[in-house]
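Proteins get letters first, then strands, A, B, ... in listed order; numbering begins at 1 in each.
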There are 2 protein chains.
Amino acid sequence: MLIFVLMLSFTEENYLKSLFQLTVETALKEEAGTNELAAHLGVKPATANDMLKKLKEKKLIKYEKYGKSSLTKEGKKIAIDVIRKHRLWETFLFEKLEFSWDEVHEVAEQLEHIQSKKLIDQLDKLLNYPVSDPHGDPIPNAKGELLILHQHTLAEELVGHQCKMTGVKDNSSAFLKYVDQLGLAINKNIKVIARHHYDDLIEIEVNGKRISVSPKFAENIFVVCTACKKKSKR
Amino acid sequence: MLIFVLMLSFTEENYLKSLFQLTVETALKEEAGTNELAAHLGVKPATANDMLKKLKEKKLIKYEKYGKSSLTKEGKKIAIDVIRKHRLWETFLFEKLEFSWDEVHEVAEQLEHIQSKKLIDQLDKLLNYPVSDPHGDPIPNAKGELLILHQHTLAEELVGHQCKMTGVKDNSSAFLKYVDQLGLAINKNIKVIARHHYDDLIEIEVNGKRISVSPKFAENIFVVCTACKKKSKR
DNA sequence: TTAATTTGTTAGACTAGCCTAACAATAATA
DNA sequence: TATTATTGTTAGGCTAGTCTAACAAATTAA
Ligand SMILES: [Mn+2]
Ligand SMILES: [Mn+2]
Ligand SMILES: [Mn+2]
Ligand SMILES: [Mn+2]
């Protein structure tokens, strides 16, 4: 019996990953538009359009002319696998190779395309089956199961509430370094002191010190409210 | 001041590596032919010819129409860097991820193209600055210095001499598994018992047992003679 | 030293992945 | 509803890397 292994290029894998991130992972919608996808990947719509046809041909996405696109079951499986590899590599770089959390993403973008089941499973084992990466994002397990839980952001937190930082939305090096600078980090306790309506700054207390952050900043910090403990889905 | 980083494709890196392996590393010659290089890379001569022109343009090789090719200083530097990455990754897979020596090469072929100086230097540190890979091949250091020492092969060893296995020439999985099967491994002591001229088999003693190996097999086993201790260059 | 063989080159074609420019369909708005 | 803006598609072109087929140069053998 001949097993057919659908070998995808780096580019194809990246399209599937992007589509996943624009739909399933943010759970806000089931499908994404061509321009949106192109923008997310940093290519022109015409380019994305070609690839959408190709991925449809390979039965990895659902796509109809002038319609939005979504992943098929098979496409989703591949996207999750790429994300698993990305996050395990980020964790490896952070835990074992002394990388800081703002340095890991760029290198993981390359490493996520290495093809070797044994490699990734052994890496998982070496890291002791981590459940989240250095940015607080959940790592899919070997079966492709991914915990998708909606964390709310600091921007949505109520005044007076105590919460704990669980992750970041923006993964850019610039943002992450800024977070470091302010003394924030995953698992830090944050108390929302006040919202200044004059300039929309949010005053918080962290490490026993008071600082003010912008709404843009606060929207990129995931927190879990230690007070109201309410469950939610991402 | 703008620093020009010559970004090479996987393919270009592979051509430089191949050229290095056909020339410098085996020290038998300074230059390689187009057909020879093409065969080593598994492409057609016409394809290699195109790339040779391109690499000449980039000043990474010396090449003249109808002539042999050789690496420039810059080309050599890049080739050694790729080889360093390849062998460090092989060592990592072997030492940290429970890969066997016949499994590492294939994955290292992919990993050797990842671009990150920090990654490779930290990997080197994690592995405690290894000097040779699982196949006994020398690992270039961070400065690009590569120990090129000629080891002779079991096929050249004299009858009656005692020697120690130091590496393998053939890195194929098939060969390496065969070596395992016969109870041979790096650092094993081997005594050459006899040469059977009838069928050219070489009888050796290893692990207290006598076995016979073919000339083809013996030519792919590097040894150092423990008796005659003579120095030599590869 | 001519002929045969080997080695290397050129021309032309193909695919993947990207682009721009022109256009078509859909959605938003007046 | 008609107009405008947005979104998506097509056509055609580019580069990198590969191929085949035809040919040219260099080497080897007769
Ligand atoms: Mn990342
Ligand atoms: Mn991450
Ligand atoms: Mn190898
Ligand atoms: Mn090796």
To the nearest Å, how far apart are [X] [atom1] and [N] [atom2]?
X        : N      : atom1 : atom2 : value
A/Glu57  : C/dA16 : CD    : P     : 12 Å
B/Lys56  : C/dG8  : NZ    : P     : 16 Å
B/Leu55  : D/dA16 : CG    : P     : 12 Å
A/His113 : C/dA16 : NE2   : P     : 18 Å
B/Glu64  : D/dA26 : CD    : P     : 13 Å

Phosphate contact ([N] OP1 or OP2) by [X] side-chain N/O below 4.0 Å:
X       : N      : answer
A/Lys53 : D/dT10 : yes
B/Tyr63 : C/dT9  : yes
B/Lys65 : C/dT10 : yes

Does the cation-pi check pass for B/Lys118 over A/Phe99, that is, NZ or CZ under 6.0 Å from the six-membered ring centre and within 45° of its axis? yes
Within residues 33-44 of chain A, which residues have any heavy atom lying less than 4.0 Å from an atom of DNA chain D? A/Gly33, A/Thr34, A/Asn35
Nucleotide nearest [X] (side chain, heavy atoms from C-beta), chosen from [options]:
X       : options                : value
A/Ala46 : D/dT10, C/dT10, D/dC19 : D/dT10
A/Asn49 : C/dT10, D/dT10, D/dA24 : D/dT10
B/Asp50 : D/dG8, D/dC19, C/dG8   : D/dC19

Between B/Leu16 and B/Leu60, does the side-chain contact (heavy atoms from CB on, under 4.5 Å) criterion hold? Intermediate values first, please. CA-CA 8 Å; B/Leu16 295 178; B/Leu60 299 172; 4.0 Å; yes
Between A/Met51 and A/Tyr66, who's closer to the 5' end of DNA chain C by nearest nucleotide? A/Met51
Measure from the ring center of A/Phe217 to the ring center of A/Phe175 and say whether it is less than 6.0 Å. yes
Taking all heavy atoms of A/Glu98 and all of A/Glu103, pick out the closest pair and write down the distance. O-OE1, 4.5 Å
Of all residues at least two apart in sequence or in a different chain, which pass the salt bridge (charged side-chain N to carboxylate O under 4.0 Å, His left out) check with B/Glu145? none
Qualifying residue, where the test is salt bridge (Lys or Arg N to Asp or Glu O under 4.0 Å) with A/Arg87 and the options are A/Glu25, A/Glu112, A/Glu109: A/Glu25
Among A/Leu119, A/Val107, A/Leu127, which residue satisfies the side chain to side chain contact (heavy atoms under 4.5 Å, CB included) criterion with A/Trp89? A/Leu119
Output the residues of residues 8-21 of chain B in contact with DNA chain C, where contact means a heavy atom of the residue under 4.0 Å from an atom of the strand; sort by number or write none. none
Please check if atom NZ in B/Lys59 has more than 12 non-hydrogen atoms from other residues, nucleotides or ligands closer than 6.0 Å. no
Give a yes or no on this: more than 12 heavy atoms of other residues, nucleotides or ligands lie within 6.0 Å of atom CD of B/Glu106. no
